[in-house]
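The next block holds one structure in the form of structure tokens; read it before the comments.
Atom set for the values below is all heavy atoms of this structure, side chains included, hydrogens, waters and symmetry mates excluded.
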Amino acid sequence: MKKTILLIHTGGTISMAMSAEGAVMPNKENPLMKESNKLASLASIIEIEAFNLPSPHITPKEMLLLRNLILEQIDAQPIDGVVITHGTDTLEETAYFLELTTNLAIPIVLTGAMRSSNELGADGIYNLVEAVRVAVDEEARDKGVLVVMNDEVHLAVNTTKTSTSSVNTFQSPQYGPIGLITKSRILFHHAPIRRQYVDVNNLTKRVAMLKVYAGMEEDLLDVVLACKYDGVVLEGLGQGNVPPSVVKGIESLIQRDIPVVLVSRCFNGIAEGVYGYMGGGKMLEDLGAIFATGINGQKARLKLLIGLNTTGSPLNLKDFFL
């Protein structure tokens, strides 16, 4: 008996076409909506177009809409898995948002394309077929939200876009893919040891993110305060250090109960409080800064946003980021 897969389209390069002038643009009608027949041998498909947006146009509000749409559809009918087509620029952020705000055993798989639908070597339909293959695989259950691209399966929590144009753009630094896709099977070789879930119904709080750089000016954090952000993520130097010029601004935010989360701008390694000099991570930790473990800046921003907007009792943010 075929499994039932909820297929949700959101736009992105996978649904676009290149014009005669060489500009990749959205189509008035998503071409993927005409390709579900290619999936009929794999699963029974329930197909929905949530929206048709380039991924830079997607915000956490659309991510919450997607989450709610998935839960509504699962409540309405038996569904064995979910596949979402998405633009690649913010795909990792939507995937991570869904990872933190859904708590499902069935697989949620995101995929996209690096080449538009009418380009030579277009990868969209291929990736879509592979994503559905993963979604119907019994071993994909209980592994959290997954990203499928270019014959690899990645965890939403680990993967990131690493190239502007390569079809092999999605990688999981330090960890690698959790599965490989061959012509005949899906081979999973490891699984997450823990997952986190937060119930969120609205997104009223705001979180800023700043990349730290040599000689960073102190007034940037004053802007965060003046614009009344509810939290800030800093992509720090090395293991999570900052220039001494911004320490006063960090302290001022923390004193006003505005959480400051530190990650590293490095691809590999974990940010943690090690250095005790002015602006060093240990000093910032002693001031009350929170260190995010094993995620990049854009995901830490979403995690803080979700943590601040949680439904019910406020979270202990320090424990949440461990």
Side-chain angles (χ1 to χ4, degrees), residues 55-65 89-101 157 160-161 196 198 200-267 270-273 279-281 283-285 287-310 314-322:
S55 63
H57 294 193
I58 289 177
T59 73
K61 291 182 179 180
E62 282 76 32
M63 298 175 195
L64 183 59
L65 185 154
D89 284 353
T90 58
L91 185 150
E92 68 188 86
E93 291 175 74
T94 296
Y96 188 60
F97 184 97
L98 294 174
E99 169 64 23
L100 289 177
T101 61
V157 68
T160 190
K161 187 174 182 178
Q196 292 179 297
V198 179
V200 173
N201 292 325
N202 56 63
L203 298 170
T204 58
K205 306 285 188 179
R206 298 194 306 152
V207 175
M209 183 176 77
L210 300 173
K211 184 182 284 289
V212 176
Y213 51 87
M216 186 174 183
E217 293 81 4
E218 59 185 294
D219 55 2
L220 284 174
L221 289 176
D222 295 335
V223 173
V224 172
L225 187 60
C227 290
K228 298 181 180 180
Y229 279 89
D230 301 288
V232 63
V233 172
L234 299 178
E235 284 194 353
L237 310 171
Q239 294 187 2
N241 310 306
V242 302
S245 57
V246 297
V247 170
K248 184 178 178 182
I250 291 172
E251 187 174 16
S252 180
L253 290 170
I254 293 171
Q255 287 174 347
R256 289 166 172 80
D257 293 323
I258 299 172
V260 177
V261 173
L262 264 295
V263 300
S264 175
R265 66 181 195 177
C266 300
F267 247 58
I270 292 172
E272 57 184 354
M283 180 204 174
L284 300 177
E285 190 173 45
L287 287 176
I290 299 167
F291 279 78
T293 302
I295 53 176
N296 59 26
Q298 53 268 36
K299 290 178 183 175
R301 178 189 167 270
L302 280 174
K303 190 167 190 176
L304 181 54
L305 181 71
I306 290 164
L308 291 173
N309 284 284
T310 183
L315 291 178
N316 181 318
L317 291 176
K318 187 173 183 181
D319 291 343
F320 186 45
F321 275 94
L322 287 177

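Nearest approach of Asn202 to Asn309, heavy atoms of both residues: O-CB, 3.4 Å. Nearest heavy-atom pair across Tyr96 and Ile295 is OH-CD1, 3.8 Å. Between Val212 and Pro243, the shortest heavy-atom contact is CG1-CD, 3.4 Å. The two atoms that bring Glu93 and Leu302 nearest to each other are O-CD1, 3.1 Å, heavy atoms only. Scanning both residues, Gly279 and Leu284, for their nearest heavy atoms gives O-CD1, 3.7 Å. The two residues Ala292 and Val263 make their nearest non-hydrogen contact at CB-CG1, 3.5 Å.
For the pair Leu221/Leu210, a side-chain contact is recorded, criterion being any heavy-atom separation below 4.5 Å from C-beta on. Under the 4.5 Å side-chain criterion, counting only non-hydrogen atoms from C-beta, Val246 is not in contact with Leu234. Side chains of Thr310 and Phe320 form no contact here, defined as non-hydrogen atoms less than 4.5 Å apart. Taking 4.5 Å as the limit, every side-chain heavy atom of Glu251 sits out of range of all side-chain heavy atoms of Ile254. Using a 4.5 Å heavy-atom threshold, the side chains of Leu64 and Thr101 count as separate. Using a 4.5 Å heavy-atom cutoff, the side chains of Arg301 and Pro60 are in contact.
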Worksheet entry | side chain to side chain contact (heavy atoms under 4.5 Å, CB included) assessment of Leu203 paired with Phe97 | CA-CA 12 Å; Leu203 298 170; Phe97 184 97; 4.3 Å; yes

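In terms of modelled atom types and a separation under 3.5 Å, the side chain of Ser245 and the main chain of Met216 share a donor-acceptor contact. Remark: the backbone N or O of Asp89 is paired with a side-chain donor or acceptor of Ser55 at under 3.5 angstrom. A donor-acceptor pair under 3.5 Å is absent between the side-chain atoms of Asn241 and the main chain of Gly236, judged by distance alone. A donor-acceptor contact shorter than 3.5 Å links the side chain of Ser264 to the backbone of Gly238. Judged purely by atom type and a 3.5 angstrom limit, Arg206 uses its side chain to pair as donor or acceptor with the backbone of Cys227.
A side-chain N or O of Glu92 and one of Thr160 form a donor-acceptor pair less than 3.5 Å apart. When only modelled atom types and interatomic distance are considered, Gln255 and Ser252 share no side-chain donor-acceptor pair under 3.5 Å.
Both cation-pi conditions hold for Lys303 and Phe321: the charged atom is under 6.0 angstrom from the six-membered ring centre and inside a 45 degree cone around its axis.
The local environment of CD in Gln196 is crowded, with over 12 non-hydrogen atoms from other residues, nucleotides or ligands closer than 6.0 Å.
Expressed to the nearest 0.5 Å, how far CG of Leu308 lies from NZ of Lys205 amounts to 7.0 Å. Separating the CG atom in Leu253 from the CG atom in Asp222 is a distance of 8.5 Å, to the nearest 0.5 Å. Summarising the geometry, atom CG belonging to Leu225 is positioned 12.5 Å from atom CG belonging to Asp219; distances are rounded to the nearest 0.5 Å. In this structure, NZ in Lys161 is found 11.5 Å from CD in Gln298, a value given to the nearest 0.5 Å.
Using a 4.0 Å cut-off between charged side-chain N and carboxylate O, Arg265 and Glu235 make no salt bridge.
Between Val232 and the choices Val224, Leu304, Leu262, the side chain to side chain contact (heavy atoms under 4.5 Å, CB included) rule is met once, by Val224.
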